[in-house]
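Here's the structure, in structure tokens; my notes come after.
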Amino acid sequence: MEELRFEENSVLFGNDPTEGIVAAELAGRFVRLLIRDESGVRFKDDPFHPFILLENSDIISGCGISVEMEPLAGNASFRFLARFRDWHDCLAARDFLAKTTGISPSHPSATYLFLNDPVHQHLLLTGKTLFKGMEFDGLRRLALDIETDCAPGHDFSNPSREEDRIVSVALMEESGWSAVLSGHELSERQILERLTTLIRERDPDVIEGHNIFRFDLEYIRIRAARHGVKLAWGRDGSEPHFHPSRFTVAERIVDYPRCDIYGRSIIDTYFLVLLYDVSARELESYGLKQVAAHFGLAAPDRTYLAGEEIAKTYREQPELLARYNLDDVRETLAVSRLLSFPYFLQTRIFPYSYQNIPVRGNATRINALFLREYLRQRHSIPRPGSGGEFAGGFTAIFEQGVVGPVVHCDVASLYPSILLSYKLSPEDDELGLFLPLLADLCRFRLAAKKLAREATDPSRHEYFQALQRTFKVLINSFYGYLGSALHNFSDPRLAGEVTRIGRELVQKIIAELQVRGARPVEVDTDGIFFIPPRIVASPETENALVREISALLPEGIDLEADGRYCSMFSYKMKNYALLDYQGRVSLTGSGLRSRGMERYLREFLHEMIILLLQGDDGKIEQIASDYIIRIREHRFDINWLARTETLNESPATYRQKVRQGKRNPSAAYELALASGRDCRAGDQVSYYVTGSAKGVAAYQNCKLASDFDPGKPDVNVPYYIDKLQQLKRRFSSYAQREPSLFD
DNA sequence: AGCTGTGGCAGGGAGG
DNA sequence: CCTCCCTGCCAC
């Protein structure tokens with residue numbers, strides 16, 4: 001066994017608990033790993049290209065831990081991962097770290113500090129202590145928000161001018177402690193110094209803010225550098241580390257300057273809101289005020305100030321600005337309390353820090369579970385495969401237009417159930433972890449669900465609800481994990497097998513429904529809308545029909561009835577509207593409820609569909625002409641006419657692509673470029689179309705919604721009327737009455 | 001530097 | 001007009 005020594009008296013440590021593990025591709029022999037300096041460790045200089053699992057390592061000196069290398073079992077390409085010499089050293093290191101950093105071993109950022117901690121390994125597969133440990137309420141959470149003197153429209157990302165200074169900083173804890181640092185009493189330098197002192201004194205575990213990465217911290221970094229103020233915010237007195245990073249939420253990519261503070265976690269409520277809305281899809285805006293109002297967290301006497309009023313308010317009514325600033329941090333704490341808890345829980349499950357849990361994808365987190373257990377068992381880890389394409393779920397539309405009554409049934413947890421009941425696991429999983437892990441997680445989820453149901457205390461109920469939802473997402477990600485090309489145990493061929501079985505099962509269900517006289521309407525992957533046969537007209541008989549078909553399916557595959565509707569407007573695949581027996585309407589699909597659609601069109605469409613569902617088509621024409629009059633008379637607020645688009649790439653990338661003919665010009669990017677502001681991927685732009693003809697190119701005739709002057713409305717009236725009429729025409733053919741009524 | 005997948009609808013622009 | 005391609009958004 002060859003021993004590998006780090007610099008004398010040094011130990012690996014970092015905010016990400018899988019740190020300390022350095023995997024080297026050995027090419028048949030052991031290599032020496034080079035650990036270089038005391039800043040954020042990067043191993044890229046190593047000639048053998050060691051594969052670094054963990055990021056943002058720091059070396060702190062003072063503890064004599066060395067690292068050995070030894071062969072691992074199996075034939076996978078990564079032969080070894082460094083580990084601490086023995087368990088005793090590992091514990092000693094932990095004690096040492098606890099003493100020097102003030103982070104207790106039970107703290108979320110320390111829980112999985114050591115990958116080869118057999119206690120924590122055990123937890124994963126038995127779950128014994130999953131419900132124990134540190135409480136969320138035990139965290140010291142500090143919300144931070146800054147206000148600046150930056151003129152409206154001026155480039156926030158480069159606040160280099162004297163007058164762009166920070167004029168107010170608010171801090172607050174849920175305990176009620178708060179502070180406002182005002183430019184009327186302190187110079188900017190003093191504000192930054194006082195902020196540093198307060199952070200040291202309050203010693204938060206978590207620093208929270210809304211858009212804190214992209215705005216507050218970045219702004220503070222630049223201003224502190226200007227004054228030469230040392231931001232000694234770390235628990236070891238070190239300064240924050242910044243580096244560019246990106247965060248993906250569904251199809252959206254957000255560029256942000258990542259910030260790491262030694263011994264603390266940073267939680268950006270803006271990111272949590274983005275994650276929340278992936279499944280909820282209900283937020284109009286991701287701004288703090290709108291989000292707080294949406295969740296009912298805004299105080300009734302909350303102070304509101306428009307962005308461009310801030311500098312003026314600072315000068316003329318400083319106490320008003322302070323109130324506004326404090327209201328911001330208060331709302332940040334409330335939004336965080338609402339949304340961050342599930343991520344806190346996950347720090348006990350995954351070997352990632354509290355700060356990193358929300359920014360890692362599901363598959364990456366699952367991968368970490370596998371790595372941890374393989375390392376514990378000293379087994380080698382396969383190199384990620386090359387990927388591969390495979391077909392997805394079965395989707396079909398059998399009937400279009402307004403139909404009813406309609407019943408919805410779906411296969412409970414289709415893909416996880418297929419994996420478990422057909423016993424499918426990835427090819428390279430030599431230790432056979434995949435299925436036991438999935439089965440364990442399913443058992444945990446059911447246990448948590450049961451506890452949630454039985455809980456009498458509302459806070460315990462919410463706790464277990466959050467827990468079971470966390471598990472649900474995790475369980476559903478196992479299939480997605482298989483399909484990715486990036487992870488060590490992925491297996492796209494198997495993912496294809498899972499979807500193939502899923503397609504067969506759903507098609508069998510459709511056939512059985514038809515045999516029994518039901519008419520399928522719309523099918524997507526695991527759920528079917530159908531018109532029941534006439535004799536099936538009560539919830540009881542509908543359930544019986546579904547149960548009868550469920551009994552024909554393999555063990556472990558369960559079909560459930562999960563909704564009944566008096567009327568359904570079946571528009572296109574993945575696009576439909578439902579009217580339930582309580583008179584509630586829901587719209588589904590990008591064609592019916594896309595946020596990319598202008599507000600006035602969305603509202604018009606909504607009204608039109610309600611009429612279709614109620615068989616009241618005759619009123620559509622009247623509503624359309626009302627809308628047209630409102631457009632003509634400029635009675636719509638500009639935000640109802642404007643489109644809001646998310647920039648999914650940086651404007652610079654966009655410009656390059658347009659020049660190379662790789663993409664078409666687009667209004668939102670053109671405006672972002674023209675505004676001179678430094679826009680990043682993930683920013684949103686609201687614009688409207690100008691001009692006087694309906695056929696104009698939007699990218700040449702557009703203005704930012706914020707530049708709209710109600711006194712001189714220059715919206716392109718024919719353009720907006722035409723869009724409304726096109727929309728009406730698209731739906732007119734689905735009306736039950738004569739289409740001629742519509743044109 | 002980091003990343004779960006496939007499938008479907010609509011808008012906008014370019015070019016025939 | 002139409003088709004093609006890209007992008008954005010959404011369902012599952």
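All chains are named by letter (A, B, ...) in the order of the sequence lines, taking the proteins before the strands, and each is independently numbered beginning at 1.
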Aromatic ring proximity A/F271/A/F213, centre distance under 6.0 Å:
yes
For [X], report the nucleic acid contact type (base, sugar-phosphate, nothing); a contact means any heavy atom under 4.0 Å.
X: A/S477; answer: nothing
X: A/T646; answer: sugar-phosphate
X: A/F390; answer: sugar-phosphate
X: A/A667; answer: nothing
X: A/F394; answer: nothing
X: A/G392; answer: sugar-phosphate
X: A/Y654; answer: nothing

Does A/D580 reach the main-chain N or O of A/Y565 with its side chain, forming a donor-acceptor pair under 3.5 Å?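 Pair absent, no side-chain N/O of A/D580 close to backbone of A/Y565.
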Closer than 3.5 angstrom, by distance alone: can the side chain of A/R445 be matched with the main-chain N or O of A/F471 as a donor-acceptor pair?
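Pair absent, no side-chain N/O of A/R445 close to backbone of A/F471.
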[options]: which one has an atom nearest the side-chain heavy atoms of [X]?
X: A/Y576; options: C/dA11, B/dC3, B/dG5; value: C/dA11
X: A/T395; options: B/dG2, C/dA11, B/dG7; value: B/dG7
X: A/D524; options: C/dA11, B/dG2, B/dG7; value: C/dA11
X: A/Y669; options: C/dG8, B/dG7, B/dC3; value: C/dG8

If you compare every side-chain N and O of [X] against the phosphate oxygens of [N] (OP1, OP2), does one of them come in below 4.0 Å?
X: A/R595; N: C/dC10; value: yes
X: A/S666; N: C/dC6; value: no
X: A/H487; N: B/dC3; value: no

Q: Take atom C1' in B/dT4 and the same atom in C/dA11, then report the distance between them in whole Å.
A: 16 Å
[X] [atom1] to [N] [atom2]: how many Å, rounded?
X: A/N367; N: B/dG5; atom1: CG; atom2: P; result: 13 Å
X: A/D526; N: B/dG7; atom1: CG; atom2: C1'; result: 14 Å
X: A/D562; N: C/dC12; atom1: CG; atom2: C1'; result: 13 Å
X: A/L592; N: C/dC10; atom1: CG; atom2: P; result: 12 Å
X: A/F529; N: C/dA11; atom1: CZ; atom2: P; result: 12 Å
X: A/I397; N: B/dG7; atom1: CD1; atom2: P; result: 18 Å

Between A/R493 and A/E497, is the closest basic N to carboxylate O distance under 4.0 Å?
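No, A/E497 and A/R493 are not salt-bridged.
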Exercise. Does A/R214 pair with A/E218 as a salt bridge, N-O distance under 4.0 Å?
Worked result: no
### Residue that, paired with A/H487, satisfies ring pair (Phe, Tyr, Trp, His ring centres under 6.0 Å) out of A/F370, A/Y481, A/F434
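By the ring pair (Phe, Tyr, Trp, His ring centres under 6.0 Å) criterion, A/H487 pairs with just one of A/F370, A/Y481, A/F434: A/Y481.
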| Should we count CD of A/E427 as having more than 12 external heavy atoms under 6.0 Å? | no
Tabulate protein N/O versus nucleotide N/O from nucleotides 9-12 of chain B, keeping only pairs under 3.5 Å, one per line.
| residue | atom | partner | partner atom | Å |
| --- | --- | --- | --- | --- |
| B/dC9 | O2 | A/S590 | OG | 3.4 |
| B/dA10 | OP1 | A/Y571 | OH | 2.2 |
| B/dA10 | OP2 | A/K572 | NZ | 2.9 |
| B/dG11 | OP1 | A/R730 | NH1 | 2.9 |
| B/dG12 | OP1 | A/Y719 | OH | 3.1 |
| B/dG12 | OP1 | A/K723 | NZ | 2.9 |

